2 protein chains.
Amino acid sequence: MDPLLDLPQLRTFFTLAQTGSFTACARRLHRTQSAVSHAMAKLEDLAGTPLLDRRGRELGLTEEGRRLYQACEHVFATLDAAAEDLRRHQTQAKGRLRVGATVEFGSSILMKHMQPFQAANPDLEMDFTLSQDLLAPLLRDDLDLIIDCQEHPLPTLKKSPLFREIYVVACAPAFRKAHRLRVPADLSRGPVLSLDKAGAWWNRFLMAVPDDEQPHFDRIIAVNHIRAMIHAASEGMGALLVPRYSVLEELRRGDLVPLFPAIRPTEDRFSIYQKKVKAAHEKQRLLTRYLQSLSPEEFGS
Amino acid sequence: MDPLLDLPQLRTFFTLAQTGSFTACARRLHRTQSAVSHAMAKLEDLAGTPLLDRRGRELGLTEEGRRLYQACEHVFATLDAAAEDLRRHQTQAKGRLRVGATVEFGSSILMKHMQPFQAANPDLEMDFTLSQDLLAPLLRDDLDLIIDCQEHPLPTLKKSPLFREIYVVACAPAFRKAHRLRVPADLSRGPVLSLDKAGAWWNRFLMAVPDDEQPHFDRIIAVNHIRAMIHAASEGMGALLVPRYSVLEELRRGDLVPLFPAIRPTEDRFSIYQKKVKAAHEKQRLLTRYLQSLSPEEFGS
DNA sequence: GTTAATCATGAATATCATTCATAACCATGG
DNA sequence: CCATGGTTATGAATGATATTCATGATTAAC
């Protein structure tokens, strides 16, 4: 009936009015500036009258905009209250929850974020199994819930997308300088670290490099453990290719610097898998929700 | 931030609670029952608790559902008020508006629906040009706004989708009986009406018929005017292929009956085109909005 | 039982929002 | 005046999500 009820747009408008800038609003909502611009164009078109007062630098609201803003305040207040109300009625989780995850992800990101959840559910006994082989234990009920980047399209499983695993090429700053790394082909000049001797680990990256810029790896240092590889790279032993989330700290501190940001290796998607029959259990639902509430950048995406 | 703000879903929930039935709710919102079901499943999953009380036939709300319903009442009330407020500030259209449309559509559907708009804007002088050639007059500013089923992908034009033109095959009830029309191939038995002698008019239909059921047209009666064709068909002269909107009346009265509803000829899309610079004018905007507010079934879709 | 109505489900599709890449704009400082 | 850095706008391509289609499952009524 009412075509103004396009609500993601109103949320955008609301935040935009608060921040006073498209760019800031975009950041706040984890969108791009372009998305905000499009959304507002559409909203104004729908409303049939300008809502924003774009006078150069500063951004204001028109008369109509201001009234709409007030309606928004009202609406979002009740909505948030309702959401809060629903949340309140979630009983606290009890019992035991056996979580499985891939080794690298589990040991870094997952562990770094479980504290608040644990604190909120003190009566929940959790234990974690980090391993490559997660599906089998899940199916035979040795695990309740797994976090995996492999696809498991079984009809008995419920899949909840979590985040996308972005890969980066990086090395120590000194290493970059010493080997003058500017384009992918320059990687031929120095050693690269790889999970396997043959260097197949790097295929994900090589596939994203144009044919005429392909490096040729002469010296491959094999290290069958990602964390070990990271330490090696931090010391300047070579360049490495790893999931972004595993080196968030190193990048922030400057121990490692990203190489060739223009090249985008194929991404993997991490999802939560759980048996459908058990997915409704309070404890499983709560953890799923908690993990999904974490913002993308916490996972390095 | 708040993932409960998925509002099309809330609107669905709200109507569902009011109608008390998935099917009825679907009808009200011009969706399928399936869509409603999916939406509610998602909403409950999001809320984390059942909101609907599905006890067999009758449908009730759970405690949480009821509270959410109240929030909805509140929210939609303010929202509707805000929308109303925006609408109120639309000045009434004045001046002159020259509308172009395709012949069949313009003479039937369009004319049948312009009265309310005209009444709401008594000071607006409108005139209508029905023709095949609409783009040229629009570009040279002989028309302000056209309604056409051809694609005009020009960057200076603004396109607003209106409805999809569905084609039906139909004939008089007596004709169907006389020629025992059950499957497409049976069309070979009787005359068919076509806009052109060669029968190319029917390609749209033939392309949707499996190869082994293709009819062969022996007797084609060419009539270069759709309305004339319809009258001929109503009298039992032959089967015809026409846009559904053009025979809404005849179908309702039973003068014509639809044939082979399983076969779906390719659809065309009607859109409004207007010059971007002029699309903002009050009179053009109002008409666009008015036409878009008409529900699909008014156009036979 | 059998039927007719209702709701659920999964896969395919269509629709819409978001991004990417880039243009246009505006203020400020050479 | 023309650069420059910081904005917002725009169009095409993409990706995510809602919707449909086709069908199964459940219930109520006869």
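Each chain gets a letter, A, B and so on, in the order its sequence line appears, and its residues count up from 1. Since this is a predicted model, take the numbers as computed values, not measurements.
To the nearest angstrom, C1' of D/dA18 lies 13 Å from CG of B/Leu29. Atoms CG (B/Leu43) and P (D/dA18) sit 11 Å apart, rounded to a whole Å. Distance, A/Leu16 CG to D/dT8 C1': 11 Å, rounded to whole Å. Atom CG of A/Leu157 is separated from atom P of C/dG10 by 12 Å (rounded to the nearest Å). In this structure, A/Arg27 places its CZ atom 18 Å from P of C/dT18, rounding to the nearest Å. Summarising the geometry, the separation between CZ on B/Arg11 and C1' on D/dA18 is reported as 17 Å, rounded to the nearest angstrom. A straight line from NE2 of B/His38 to P of C/dA14 spans 16 Å, rounded to a whole angstrom. Rounded to an integer number of Å, the gap from B/Phe22 CZ to C/dC7 C1' is 6 Å.
Summary of the strand contacts: B/Arg31 and B/Pro155 both lie near DNA chain D, and taking for each the nucleotide with the nearest heavy atom, the more 5' one is attributed to B/Pro155. Residue order along DNA chain D, read from the 5' end via each residue's closest nucleotide, puts B/Lys276 first among B/Lys276 and A/Arg164.
Residues B/Phe163 and B/Phe270 bring their aromatic ring centres within 6.0 Å.
The phosphate of C/dA8 (OP1 or OP2) has a side-chain N or O of B/Arg54 nearer than 4.0 angstrom. Using a 4.0 Å cut-off, no side-chain N or O of A/Arg269 falls inside it from OP1 or OP2 of D/dG15. A close approach under 4.0 Å does not occur between any side-chain nitrogen or oxygen of A/Ser34 and OP1 or OP2 of C/dC20. Side-chain N/O atoms of B/Gln9 include one lying less than 4.0 angstrom from OP1 or OP2 on D/dA18.
No hydrogens or angles were tested; on distance alone, nothing pairs the side chain of A/Ser37 with the base of D/dT10 as donor and acceptor under 3.5 Å.
Closest contact between the side chain of A/Thr32 and the listed nucleotides D/dT20, C/dC20, C/dC7 involves C/dC20. Considering only side-chain atoms of B/Ala35, the nucleotide from D/dC21, D/dT20, D/dA9 that sits closest is D/dT20. For A/Lys42, the listed nucleotide lying nearest its side chain is C/dC16; candidates were C/dA8, C/dT9, C/dC16.
Within the 4.5 Å cutoff, side-chain heavy atoms of A/Leu145 are placed close to those of A/Ile272.
Side chains of B/Thr49 and B/Glu44: a donor-acceptor N/O pair is absent below 3.5 angstrom, by distance only.
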Salt bridge (Lys or Arg N to Asp or Glu O under 4.0 Å) assessment of B/Lys275 paired with B/Asp144: CA-CA 8 Å; B/Lys275 287 197 172 174; B/Asp144 301 312; over 6 Å; no
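Under the 6.0 Å distance and 45° angle rule, A/Arg244 does not count as a cation-pi partner of A/Tyr167.
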